[in-house]
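Below is one structure, written out as structure tokens; the observations come after it.
Throughout, protein chains are lettered first and strands after them, A, B, ... in sequence-line order, and every chain is numbered starting at 1.
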Amino acid sequence: MDKRFGKKYKLCNEKQIELVFTSKNSVKSYPFVIHYADLQTQIDVPFQITISAPKRNFKKAHERNRIKRILREAIRENKLILETFLIENERKLAVFMIYTAKEELSFDVLQKKMKNLLNQLIIEISNDKK
RNA sequence: AAGGCAAAUCGGUCUAUCGCUGUCUCGAAUUUUCGGGAGAGAGGAAAGUCCGGGCAGUAUAGAGCACCGUACUUCCUAACGGGAAGGCUCCAAUAUAAUUGGAGACAGAAAGUGCCACAGAAAGGAAAACUACUCAAACUAGCGCAAGCUUCGUUUGAGAAAAGGUGAAAAGGUGAGGUAAGAGCUCACCGUAUCAAUGGCGACAUUGAUUGCAAGGUAAACCUUACGGACUGAAAGACCAUGUAUACCGAGGCUUGAGGGCUGCUCGCCCGAUCUCGGAGGGUAGGUCGCUUGAUCCCAAUCGUGAGGUUGGGGCUAGAUAAAUGAUAGGCAAUUUGAUGUUAAAUCAGAUAACAGAACCCGGCUUAUAGAUUUGCCUUUUUA
RNA sequence: GGUCUCGUGGCCGAGCGGUUAGGCACCGGUCUGCAAAACCGUCUACUCCGGUUCGAAUCCGGACGAGACCU
């Protein structure tokens, strides 16, 4: 498997985002909140994701950009955890991720937190199935 | 050498691995994807949106009024509320001649209107008379603790606008003459106004003359004068794809003109009939162009006091769209702390690195900014 | 990205060049056995920096903050 994380992984479809929020499936794990739903469209990628840093906590544009870039890097490093699970179960996910901490955390910490979050997400999904 | 002020320039860099977004190219593949390679990828303010322009649409946007903006002069520029050079006024220092530095929304108050609280007689009309002053007339006791004064006192009339008091501001200033007391009433100097001459493209300066000085402040109050300004902004606008409703309700109209044409009014012009406007409702919300070759950047020569102009040569330097520049490891350079060493240099270890992210593009202004470099001036110390 | 509006005590809110009204709240007092209500009194403000003016919350320029609209 490769570590590439390109434009295809972006969730841009407005209707799909509406669906993600109306489905009310969410996982909370500091410093993240995740909303997710099953993907409706036909895509050759196991999941699509939107990353968001709220303007309330980060007022400067370059701070928000920085947060989103670091999160994207953290997901790219750890996406295999989620991807292998999804391929095994033949599911496709739309994910909306919100960063809730009020300060920028270091990359090492974020990587650990990201692993926790993804494992938690996998557990939630498999519970849904049952 | 250190510190301060001013101006200008810069705003970390290199290597490796894994990634992101365009461009070019090769191969697979065939109308769209996959893989390989090459090369590119945030700023001096990208910010605020305070001005100006390009560009696009509205008629290749026309006239008048209204409205808005600008305001010493000359120049630069595509243009500007920006910049350059100069003038004037004010402030500071040296010093009392001038020089240096800084600041200035710096047209008109003698076209008109308004306002100037409180205080004050009076705040603009050549107005007014509280105390005090001067003169004249009348009255007889008056003033003062007293000495004393009668040239006083009281009343009336007149003069003057000098002194006091109010105020931010009281209407040329100082001195002399003059006068009953006074007053630009007269004179000298200064200020100011007008006219003339000379110098300067000009703002203005210098000099001279004058039966001038009767007329405060405020125009970032209305206003006047001169000049300028159409409006809307890339979510502009053009095209393709997808989808729906050539349906419903209301109003108007069919060439004798309804209605529309992107700030208001009047005029003018243009479009205009299976139509136009409004309502309610349905559908789509994807892509391409616009989009980066431009008042462009770099170097050289040359013209100009300067902003800047001209000529020649070379370069192509981000184009994203829920919005690309990141992560990890190491080195170099900078600052700083500690240790070794100590005149200094050097070595080792650790820490820090600002303000901040393109969104059609330029020219400015303003605001934020760790630190570094250069130049000029000033102060202090050391050496020669 | 673009266009516009606003900023006055803890809160709401008047003021259009001349000592910043008023209400609610807080605090103190009167009343009460105690409290509420009522009455009386006090305290606390013009977002910031410059300019114009004798004088600025008001006029002008800049900064900061908040809000609305255009798809």
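- Following rounding to the nearest Å, A:R64 (CZ) and B:rA42 (P) show an atom-to-atom distance of 21 Å.
- Counting to the nearest Å, the C1' atom of B:rG19 and the NZ atom of A:K68 are 18 Å from each other.
- The distance from atom CD of A:E77 to atom P of B:rC18 is 12 Å, rounded to the nearest whole Å.
- Nearest heavy atoms, A:Q120 versus A:S29: OE1-CB, 3.6 Å.
- Of the side-chain N and O atoms in A:R76, none sit less than 4.0 angstrom from OP1 or OP2 of B:rC18.
- Applying the 90° criterion around 0 to the glycosidic angle, B:rG243 comes out anti.
- Listed by chain and residue number, A:F107, A:M114 satisfy the side-chain contact (heavy atoms from CB on, under 4.5 Å) test with A:A74 (two or more places apart in sequence, or in another chain).
- When both distances must be under 3.5 Å, the Watson-Crick or G-U wobble mate of B:rG62 is B:rC267.
- For C:rA45 and C:rC11, the P atoms lie 13 Å apart once the distance is rounded to whole Å.
- A 3.5 Å limit on both hydrogen-bonding distances identifies no Watson-Crick or G-U partner for C:rA14.
- Going from atom OH of A:Y9 over to atom P of B:rA324 covers 19 Å, rounded to whole Å.
- If you take CD1 of A:I75 and P of B:rG326, they are 17 Å apart, rounded to a whole angstrom.
- By the 4.5 Å heavy-atom criterion applied to side chains, A:L93 and A:I125 are counted as neighbours.
- Taking the C1' atoms as reference points, B:rC72 lies 12 Å from B:rG104, given to the whole Å.
- Side-chain atoms of A:N65 lie closest to B:rA42 of the nucleotides B:rA358, B:rA323, B:rA42.
- Separating the CD1 atom of A:I51 from the C1' atom of B:rU321 is a distance of 16 Å, rounded to the nearest angstrom.
- Atom P of B:rC80 sits at a distance of 26 Å from the matching atom of B:rC291, rounded to the whole Å.
- The only member of A:I122, A:I123, A:L121 that meets side-chain contact (heavy atoms from CB on, under 4.5 Å) when paired with A:V27 is A:L121.
- Regarding the sugar-base torsion, B:rA78 falls in the anti class, its angle being beyond 90° of 0.
- Contacts of A:R66 with the nucleic acid, taken as non-hydrogen atoms under 4.0 Å apart, involve only primed sugar atoms and P, OP1 or OP2.
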Could you list, one pair per line, each protein nitrogen or oxygen that sits under 3.5 Å from a nitrogen or oxygen of nucleotides 21-23 of chain B, together with the distance?
unit_1: B:rU21; atom_1: OP1; unit_2: A:K7; atom_2: N; d: 2.7
unit_1: B:rG22; atom_1: OP1; unit_2: A:K7; atom_2: NZ; d: 2.9

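- Comparing the same atom, C1', in B:rG177 and in B:rA162 gives a spacing of 16 Å after rounding to whole Å.
- Heavy-atom minimum distance, A:P54 versus A:I98: CD-CG2, 4.4 Å.
- For B:rU325, the OP1/OP2 oxygens have a side-chain nitrogen or oxygen of A:R72 closer than 4.0 Å.
- Across every strand in view, B:rU206 sits in a pair with B:rA197 that passes the Watson-Crick or G-U test at under 3.5 angstrom.
- Ion pairing between a basic and an acidic side chain is recognised when a charged N comes within 4.0 Å of a carboxylate O; A:R66 and A:E63 show no such pairing.
- For A:R69 against B:rA42, a side-chain-to-base donor-acceptor contact under 3.5 Å is present.
- Base pairing of B:rC185: its partner is B:rG177, meeting the Watson-Crick or G-U wobble criterion (both donor-acceptor distances under 3.5 Å).
- Taking a pair to require two hydrogen-bonding distances under 3.5 Å in either a Watson-Crick or a G-U wobble arrangement, B:rU99 pairs with B:rA93.
- When each of A:K10, A:R69, A:R72 is checked for a side-chain contact (heavy atoms from CB on, under 4.5 Å) with A:I51, only A:R72 meets the rule.
- B:rU367 sits 11 Å from B:rC50 when the C1' atoms are compared, rounded to a whole Å.
- Nucleotide C:rU30: paired with C:rA38 (Watson-Crick or G-U wobble, both distances less than 3.5 Å).
- In the hydrophobic clustering of ILVMFWY residues, with side-chain heavy atoms under 4.5 Å counting as a link, A:V109 and A:Y99 come out apart.
- A syn base is found at B:rG184: its glycosidic angle is within 90° of 0.
- In the set B:rU325, B:rA322, B:rG357, B:rG357 carries the atom at the smallest distance from any side-chain atom of A:H62.
- Across B:rU336 and B:rC365, the matching P atoms stand 34 Å from one another, rounded to whole Å.
- Under the Watson-Crick and G-U wobble criteria, each requiring two contacts below 3.5 Å, nucleotide B:rG43 is paired to B:rC355.
- Listed candidates were B:rA358, B:rA322, B:rA323. Nearest to the side chain of A:A61 is B:rA358.
- A 3.5 Å limit on both hydrogen-bonding distances identifies B:rG27 as the Watson-Crick or G-U partner of B:rC34.
- Remark: the separation of the C1' atoms in B:rA121 and B:rU166 is 10 Å, to the nearest Å.
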